Every structure is written in structure tokens, then in C-alpha cells.
Amino acid sequence: MLNDASDPEKPSSALFPDLNPDDQDGVTEMESLCLHCYEQGVTRLLLTKIPFFREVIISSFQCDVCGYSDRSIQSGGVIQEKGVQFTLSVVKTEDLNRQIVKSDYASFALPELEFEQIPSRKGDVSTVEGLLDSVVSGLQLMQAERMKVDPENATKIDAFIQKVKKLKELESPFTLVINDPTGNSFVENPRAPHTDDQLLTVHYVRSHQQDIDIGITTEDEVTDENEAATEDDETDLNLKSEVLRFPENCPNCNAPCSTNMKLVDIPYFKQVVIMATNCEACGHRDSEVKGGCGIEDRGQKITLRLTGVKDLSRDILKSDTCGVKIPELDLELVEGTLGGKFTTVEGLLTQIRDQIGGKNPFILGDSFNDEVRKKVIEFCCKLDKIISGEMLDVHLILDDPAGNSYMQNIFAPDADPEMSTERYIRNFEQNELLGLNDMKTENYASE
């Protein structure tokens with residue numbers, strides 16, 4: 001039975017409690033129709049939180065009449081701000097064992113075979129080899145009956161199945177593409193925390209149609225928003241002196257909470273929007289920074305050489321389009337990692353260490369490779385030495401194609417001898433990441 005949040009005498013509990021095999025109170029049972037024999041079966045639902053991953057809904061169906069059973073896992077967490085696309089080049093046998101989390105709305109493609117599997121509305125935790133096996137099993141379903149009714153197409157399907165099976169033999173490399181507009185899918189990087197040259201990760205802004213497909217907006221809501229925007233234009237809010245507050249759900253426990261938003265002027269930089277979330281139910285705290293002045297005409301790369309402990313206290317504004325590099329550690333974080341942050345050098349390094357060593361779903365657990373675990377521990381130890389000031393003379397690079405990141409110059413208004421700033425012209429891929437290639441700013445009203 002679910003707890004009634006409106007009853008003050010009942011203890012409050014998280015909507016998605018931590019996974020506990022000894023606790024069966026959170027399991028909900030209901031009768032449902034079996035699609036095989038059309039008799040009544042039993043569906044069991046469990047809302048839980050997998051450690052170091054996120055909230056999930058586990059469902060299990062069992063029919064005692066015909067014996068049919070089915071299990072599935074669905075994401076119960078929030079939809080991410082941006083979609084994500086993983087492009088993996090599979091070149092060796094070890095790549096077939098890479099772990100993959102594919103959400104309900106993720107599509108899966110094999111460009112070499114011109115094959116694409118549309119979102120199945122059924123989440124899956126598998127490997128590259130497991131995804132190939134699922135393609136084969138799906139195509140083989142009802143193949144015997146198809147051979148009797150339509151032998152020509154059945155023969156073509158058999159030939160395609162053999163092509164998919166040959167991919168596992170790796171006679172030649174092939175590409176695997178996973179596109180998830182919700183941003184809730186993952187592909188393992190076995191070289192973590194170092195950059196994976198075989199894996200390309202791109203975070204993108206969803207299209208209007210994708211927002212409709214994943215259910216976060218409708219056509220009617222778009223019309224209402226346009227009307228509301230027209231009315232809001234007539235309202236003049238003093239954003240510089242006022243803190244705005246709006247309700248949302250906690251990303252950690254999903255309980256109702258509020259987020260504060262404030263427009264701030266950073267000296268020698270520009271205006272930014274700072275948002276802070278504090279959940280009273282679980283104590284979770286989070287902050288995020290957004291650029292308040294749009295995209296600059298050029299990208300910006302800031303390079304800082306850490307020479308002393310004082311450099312760890314420099315203020316940093318890392319936008320959600322900024323990548324981070326530490327060449328001495330062979331570390332590279334792609335754009336979008338960690339989101340937008342307003343912190344210090346020490347705070348940024350601490351968040352990187354926690355993200356790599358404590359919150360990566362592929363690093364902790366009994367399935368994790370001991371050799372890779374050792375490398376991660378050694379890498380985190382190096383980060384700890386930098387944070388404590390024992391290891392210096394390293395370079396921290398902020399590369400932001402949008403030009404909305406900032407690092408404090410402690411010698412301002414004079415030049416900083418340990419920090420350099422480079423403004424550059426963005427390439428096509430960076431403009432694609434920012435959504436500029438498809439943006440039309442002239443004569444758009446005529447189309």
C-alpha cells in the first residue's frame with residue numbers, strides 16, 4: 001500500500017526507495033490480461049532506485065494458465081535537459097562485451113547494414129553482443145510461418161540474419177549508434193576515466209517533435225505557451241533584484257521541492273543565471289549555471305597552469321556547453337558533462353573525482369573489471385593530490401564553443417601570467433552541437 005503523503009501521522013518515504021531484496025512492502029500486484037491466452041494473469045510493479053544509477057520501474061508478469069512470463073525495466077527518473085547520441089566503433093572482441101543501458105525511447109542502428117530499430121518502449125540493460133542477439137531473435141520470430149506465407153521475403157530475412165551474426169565475428173569493424181532523446185541511455189567506456197577514441201558522445205537539443213514523442217509537451221500546450229509568452233512580454237520583472245522560485249521534483253528522491261533562480265552580473269565577464277535546488281525530504285542540493293547573454297560569435301579556450309594552492313581557490317563558471325581537459329592526466333570531459341557549474345578550481349576537480357569514482361554506474365558493482373577498477377582508483381588518487389596541492393604544474397583547460405565560460409583572473413585588471421585565453425572560430429561539428437547550422441536568422445518569415 002502506498003503511503004498517503006497528506007496524512008501527517010504517517011512517516012514520509014521516498015517514492016523510489018533504495019533497492020533492498022529483503023523489503024517486499026513496495027511491490028504492487030494487480031490482475032492484468034495475458035496477451036497469449038487472454039486469461040487473467042498477475043503483474044507486479046516495483047518502484048526502486050538502483051545504487052549509482054537512477055530511479056527505475058521494474059515490472060514482472062506471470063500467467064499461471066499458460067505459463068507465459070515477461071519482465072521489463074523502465075526509467076522512472078527525470079528526462080534529461082538534452083538528448084544524447086552514442087556512436088561506437090566496434091573493432092575488437094572486447095568491444096562486444098561493453099555494457100549498454102538503453103532507455104524506453106532509445107533507437108538503435110547499424111549503419112553498415114542500413115538497419116535501424118525504432119524505440120521499443122521497453123528499456124534494456126545489455127551488451128553490444130546482447131543487442132545483436134536481440135536483433136536476430138526478433139527477426140527469427142514467426143519466421144517458420146513467414147516462410148510458408150511469403151517465402152521470398154522470408155529468404156531475404158534469413159540472409160540479413162546471417163549478416164548480423166557475421167558482425168560478431170568481427171571480420172571487419174562496424175558501427176553501433178544509439179540515439180536517445182531523453183538522455184537516459186549509456187554506453188560503457190572501458191578506458192574510463194580516460195577518453196575513449198572509439199566512442200563519440202554528442203548531447204543535442206531535442207526537436208519539437210521529439211518533445212511530443214517522449215510526452216513532455218503536446219500541440220495544445222505549445223499553443224498555450226505562445227499565448228502566455230505574449231502576455232509575459234507585457235510584464236516587466238526586475239530580475240536583477242528578485243529571486244524567482246518555481247516548483248519541481250527532486251532529481252534524487254523525486255519528492256516535491258523548489259528551485260531558486262537569480263540573474264547575476266560577474267565582474268569582467270557577463271550576466272549569468274544561477275539556479276539552486278534544495279530538497280528538504282532527502283537533503284539533496286544542486287546548483288546549475290546558464291549563460292544569460294546567448295551564444296558568442298566565437299568559441300573560447302581558457303588554459304590555466306596550476307602553480308600553487310592559491311590557484312585552487314579561483315572562481316570558475318563552467319557552462320553546460322564547456323568541455324574540460326587536464327593533459328597531464330590524459331583526462332577529457334566532453335561538452336555537457338557535469339552540466340553548468342559556478343564553483344572553484346578545487347570544487348570542479350572534486351566533482352570530477354566524485355563523478356568518475358563514485359557515481360559512474362559502470363565502475364561500481366560486482367561486474368566491474370578489477371584492472372579497470374585499479375586504474376580508476378589510481379586516477380582518483382592523482383586528482384586528490386592536485387586538490388590537496390601535492391601535485392602541481394598541471395594545466396586545466398576549459399574549452400567552450402559557446403564562449404560562455406569564465407575563470408577568475410586574480411591579477412585583474414592586469415594580465416594573468418599563468419592563464420591564457422584564446423578565441424577561435426567554431427567548426428561545423430561545434431555549430432551542430434549548439435544548433436546553429438539549422439538556425440535561420442534572415443527571411444525566415446517567408447517560409
Side-chain angles (χ1 to χ4, degrees), residues 18-19 21 49-54 56 84 86-102 124-131 168 170 173 176 178 184-201 304-306 309 311-312 318 323-339 341 343 345-399:
D18 292 337
L19 190 61
K49 182 179 179 182
I50 298 178
F52 309 109
F53 188 43
R54 61 184 48 165
V56 295
V84 63
F86 298 96
T87 303
L88 174 66
S89 178
V90 183
V91 298
K92 53 183 180 294
T93 305
E94 290 78 6
D95 294 331
L96 297 174
N97 297 325
R98 288 183 186 239
Q99 299 181 69
I100 292 178
V101 178
K102 188 165 73 72
D124 191 15
V125 179
S126 183
T127 61
V128 173
E129 184 177 7
L131 286 182
K168 296 194 295 184
L170 289 176
L176 170 70
I178 293 180
N184 288 328
S185 294
F186 299 92
V187 176
E188 179 189 10
N189 174 11
R191 295 190 68 248
H194 303 300
T195 305
D196 189 346
D197 297 332
Q198 297 174 226
L199 180 64
L200 174 63
T201 304
L304 172 67
R305 177 171 171 262
L306 300 178
V309 179
D311 291 325
L312 297 173
K318 176 193 168 299
V324 180
K325 296 180 183 179
I326 303 179
E328 289 78 6
L329 300 186
D330 194 20
L331 170 69
E332 180 177 356
L333 301 183
V334 299
E335 296 82 356
T337 307
L338 299 179
K341 298 292 180 183
T343 179
V345 172
E346 180 181 359
L348 180 62
L349 295 177
T350 301
Q351 292 178 27
I352 294 175
R353 180 201 61 193
D354 294 342
Q355 187 76 14
I356 293 175
K359 298 180 180 179
N360 190 324
F362 295 123
I363 288 182
L364 298 176
D366 54 8
S367 64
F368 192 61
N369 185 282
D370 291 336
E371 182 179 353
V372 181
R373 188 195 306 272
K374 181 180 178 181
K375 292 181 179 178
V376 171
I377 294 176
E378 291 177 353
F379 180 86
C380 291
C381 289
K382 291 181 180 179
L383 277 178
D384 284 331
K385 289 182 178 180
I386 297 177
I387 295 172
S388 62
E390 298 178 23
M391 179 179 175
L392 295 173
D393 199 20
V394 297
H395 294 80
L396 176 65
I397 302 175
L398 301 182
D399 190 350

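Note that this is a predicted model, so its numbers are computed, not measured.
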To the nearest 0.5 Å, how far apart are [atom1] in [X] and [atom2] in [Y]?
X	Y	atom1	atom2	answer
Arg98	Leu199	CZ	CG	6.0 Å
Asp311	Leu304	CG	CG	5.5 Å
Leu333	Asp399	CG	CG	12.0 Å
Asp95	Leu170	CG	CG	7.5 Å
Asp330	Phe379	CG	CZ	8.5 Å

Step-by-step side-chain contact (heavy atoms from CB on, under 4.5 Å) determination, Glu378 to Lys374: CA-CA 6 Å; Glu378 291 177 353; Lys374 181 180 178 181; 3.4 Å; yes
Pick one: which of Asp196, Thr201, Leu88 meets side chain to side chain contact (heavy atoms under 4.5 Å, CB included) with Asn189?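 When Asp196, Thr201, Leu88 are each tested with Asn189, the side chain to side chain contact (heavy atoms under 4.5 Å, CB included) holds only for Asp196.
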Shortest non-hydrogen contact from Leu131 to Ser126?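 Leu131 and Ser126 have their closest heavy atoms at N-OG, 3.7 Å.
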Check Leu312 against Leu349 and note the closest heavy-atom contact, atom names and distance.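 So the minimum-distance heavy-atom pair works out to CD2-CD1, 4.3 Å.
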Please tabulate, for the side chains in residues 386-396, all donor-acceptor contacts under 3.5 angstrom to protein atoms that are two or more places apart in sequence or on a different chain.
from   : atom 1 : to     : atom 2 : distance (Å)
Ser388 : OG     : Asp384 : O      : 3.0
Ser388 : OG     : Lys385 : O      : 3.1
Asp393 : OD1    : Arg305 : NE     : 2.8
Asp393 : OD1    : Arg305 : NH2    : 3.2
His395 : ND1    : Glu328 : OE2    : 2.7

Does any non-hydrogen side-chain atom of Thr350 lie less than 4.5 Å from one of Thr343?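 They are not in contact (no side-chain heavy atoms under 4.5 Å apart), so the answer is no.
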N/O donor-acceptor pair under 3.5 Å between Arg353 side chain and Cys380 backbone: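 Such a contact is absent between Arg353 side chain and Cys380 backbone.
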Please confirm whether the backbone N or O of Ser89 pairs with a side-chain atom of Gln198, one donor and one acceptor, at under 3.5 Å?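 Looks like yes, one N/O pair under 3.5 Å.
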Taking only residues two or more places apart in sequence, or in another chain, which ones meet Lys168 in a salt bridge (charged side-chain N to carboxylate O under 4.0 Å, His left out)?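 If we apply the salt bridge (charged side-chain N to carboxylate O under 4.0 Å, His left out) test to Lys168, skipping adjacent residues, the hits are Asp133.
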With side chain to side chain donor-acceptor pair (under 3.5 Å) as the test, would you mind laying out the steps for Lys318 and Gln351 before giving the verdict? CA-CA 12 Å; Lys318 176 193 168 299; Gln351 292 178 27; over 6 Å; no
